Structure formats: structure tokens, C-alpha cells
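For reference, the structure is listed below as C-alpha cells.
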2 protein chains.
Amino acid sequence: MKRDSRLSGVLHVLLHMAEQPGPHTSEALAAAMATNPVVIRRIMAGLREQGFLRSQKGHGGGWTIACDFSRTTLRDIYHALGEPEILAMGNRTDAPGCLVEQAVNAALGQAFDAAEAILLQRFGEVTLADLSADFHARMSGRTALPTLENEHGS
Amino acid sequence: MKRDSRLSGVLHVLLHMAEQPGPHTSEALAAAMATNPVVIRRIMAGLREQGFLRSQKGHGGGWTIACDFSRTTLRDIYHALGEPEILAMGNRTDAPGCLVEQAVNAALGQAFDAAEAILLQRFGEVTLADLSADFHARMSGRTALPTLENEHGS
DNA sequence: GTTTCATGTAATAATATATGTTACGTGATT
DNA sequence: AATCACGTAACATATATTATTACATGAAAC
């Protein structure tokens, strides 16, 4: 399978929207992300349902931000996306009654749970305002942090 | 994509092998795991190359353990498997020059790295002997830990 | 009221990966 | 020489993400 990049994508869109006032059409946002308008609508649907965004049809329509960036965390967005799978690894369960399998999967499961918990905790510690601030810092030539970034490129 | 369950599977096989002396054929191991002998050979190939297992052809051939369970960790096995992808999520990189994308991906990347680091650290703290001990505890009716286990079932 | 614009969504295609299966080659034992 | 077991390539199957096409819905503009 391919790596799921919806969270990265939707955050990219949100920060772009915050840079300009008016409603943004899916087509314009798709152009900025080199993808298809339908993909934009799809990943934004959950955020609309959870009240983070609003959408309007017809002339002058499009998407508008409906949340406070300083009070919205990456974890909120992750949940609005539908909580996509975090780990690429999982337990094999083809011998449910096997005590060996149970011992193996109990140990692995604890490690998996710990990793997921850390990721969600980190997500909860970063607001959209933090991301926007980092972006503006990069705009003015000072990157907020020594960036490693592309280790996790798709 | 489906979740990768090779680590869970190969650990299951290793612990089964430890319960009986002789060389174990891929066919016998496959039967215990409800899969195909070729799948066994495939996931065991890396462990053979790294010296954790030996294999022999011909009559009386099969797989034998070639490592010390008390000195081999889940992290060793994970590396021998070829370090499969840990996270199902990744960064989108369709606008490499975009500072918004860079800010988003830097933040996500740090969270991703932290989660991967925790998982590998946990793997490094558990030996095959630990797993085997837990299995034997379950055999005699006392599970070593209050197990949550199947949250991560395939 | 009709046209135009923009979202909503289903259906399909394209791509990638894990897993299962078949087929054939290689080497060791009987 | 025959049998056994691994080694590996090739192919099939299932699942998931992403992209694309097609059509319906609703709102604004004319």
C-alpha cells in the first residue's frame, strides 16, 4: 500500500487558506496542491462535519475556516479525518487459540499501543497556530527549528 | 494496503521452533501458522542471512535456531526482516518548494520520528527469551501480564 | 426562469503492497 | 537414481490510497 498522506495534505490546505480571506474553491486549493478538486472535497468533508470548516455552493462559494487556529490541534484534525490507521504493522491472528501467538501479540501490542499514544500526544501538543507561526518564520528567512523534514516523504 | 504482519508471524514461528529440538521443515511450520511454506521461507530468509537461523536442504533438512534467545531482541528480528515500514502515515511532498508544506511536514516528521523511536526502543527491550517465558507462563495458566492483546489484530 | 458556478458523492481507474500459490531449479540424503 | 527440502521467480488475489470521470444538488447571476 501507499503511505496515507491525508493529514499532511489537509494541513497544507488549511494553512494556505489562512493566508487569504475569501472563500477558497476546491479547484484553487487543488491547484496549489497538485491534485484533483474531488480529492480536496473528500479530505475536507470530515472537517466540515466537525465544524472546523464551512462550505458554500454556487457563485462566490467555496471553503471558509470556521475554527480558532490557536485552539485547534493536529489531533483534532486527525480525528476529523476519521482517525486513519497509524501503524503499517499489525498482529497476525491466524491461530487465535495458540498461546504462542497470544504471547507474541501481547508483547507487540503493547509496543504498538505505546507508539500510537506518543504520536497522538504529539499531535495534541501542536496547534494550527503553531504551524502557521512556523510558516511565517520560514517566510522571513528564519526557520523556527533545524528541520529534518523529508525523512517521511511519500 | 493490508497491515504488515511479518514480524508477528516470524516471532510466532521462532517460539514454536524453540519448543522442539530437531530441524523444522517449512511445511510443518506453515501448517502451524495456517499459511504456505513459501511464505515461511520468504520471511525467514533475512534471519538466515543475519545468522539467527540456519537452513539445510535434503533429507532431514529444515530450519534450526542459531542464536541465543536471551540475547536476541525483537529489534534484531525487525532489522533482519529488512526493517519494514512502521507508520501507515507519511508526508505529502507534491510541492517541494512550498514553505507551508515544509512547515507542516517538519512538525509531522518530528511526531513520526518520535513514534518510530519509541517503537524501536520497546522492541529493543524485549528478548525472544522474554516472549518464551511469557508463553510458558500462559501454558501453566498464569498470564504474565493482564493482556489487552488484540487491539492490533490484522 | 435559465444559465453558470461550486460543492456532494458514487463509480471507476491507476498504483502500491502484503500475502498466497504455482512452478521450477539446486543441493543433500537415502 | 530417486526423494526430500530449501531458494526463488512468476503470477494471482486482496486491500488501501489517490486520481479521475460523471452526474446530482443548490445558490448566485443574468
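Naming: A, B, ... by sequence-line order, numbering from 1 per chain. A quick note: this is a predicted structure, and the numbers were derived from the prediction, not measured.
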Across nucleotides 10-15 of chain C, 5' to 3', mark each nucleotide with B, S or - according to how protein heavy atoms within less than 4.0 Å reach it. BB----
Rounded to whole angstrom units, what separation is found between the CE atom of B/Met33 and the C1' atom of C/dT21? 16 Å
Between A/Asn36 (CG) and C/dA6 (C1'), how many Å, whole number? 14 Å
Rounded to the nearest 0.5 Å, how far apart are [atom1] of [X] and [atom2] of [Y]?
| X | Y | atom1 | atom2 | result |
| --- | --- | --- | --- | --- |
| A/Ile43 | A/Arg6 | CD1 | CZ | 9.0 Å |
| A/Leu87 | A/Leu108 | CG | CG | 11.0 Å |
| B/Phe135 | A/Gln102 | CZ | CD | 10.0 Å |

Strictly below 4.0 Å: does [X] bring a side-chain N or O up to OP1 or OP2 of [N]?
| X | N | answer |
| --- | --- | --- |
| A/Ser26 | C/dT7 | yes |
| B/Ser55 | D/dA5 | no |
| B/Arg41 | D/dG7 | no |
| A/Arg3 | D/dT17 | no |
| A/Thr25 | C/dA6 | no |
| A/Arg92 | C/dG20 | yes |

Quick one: closest heavy-atom pair of A/Gln50 and A/Ala80, and the distance?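 A/Gln50 and A/Ala80 have their closest heavy atoms at CG-CB, 3.8 Å.
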For A/Thr35 and for A/Gln56, locate the closest nucleotide of DNA chain D by heavy-atom distance; then report the residue assigned to the nucleotide nearer the 5' terminus. A/Thr35
Under 4.0 Å, heavy atoms only, any strand: does A/Arg54 hit a base, just the sugar-phosphate, or nothing?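 Nothing, no heavy atom under 4.0 Å.
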Base, sugar-phosphate or nothing for A/Gly60? Non-hydrogen atoms, less than 4.0 Å. nothing
Below 4.0 angstrom, N of the basic side chain to O of the carboxylate: do B/Arg3 and A/Glu85 qualify? yes
Parallel, tilted or perpendicular, as decided by the 30° and 60° cut-offs, for the rings of A/Phe123 and A/Tyr78: tilted
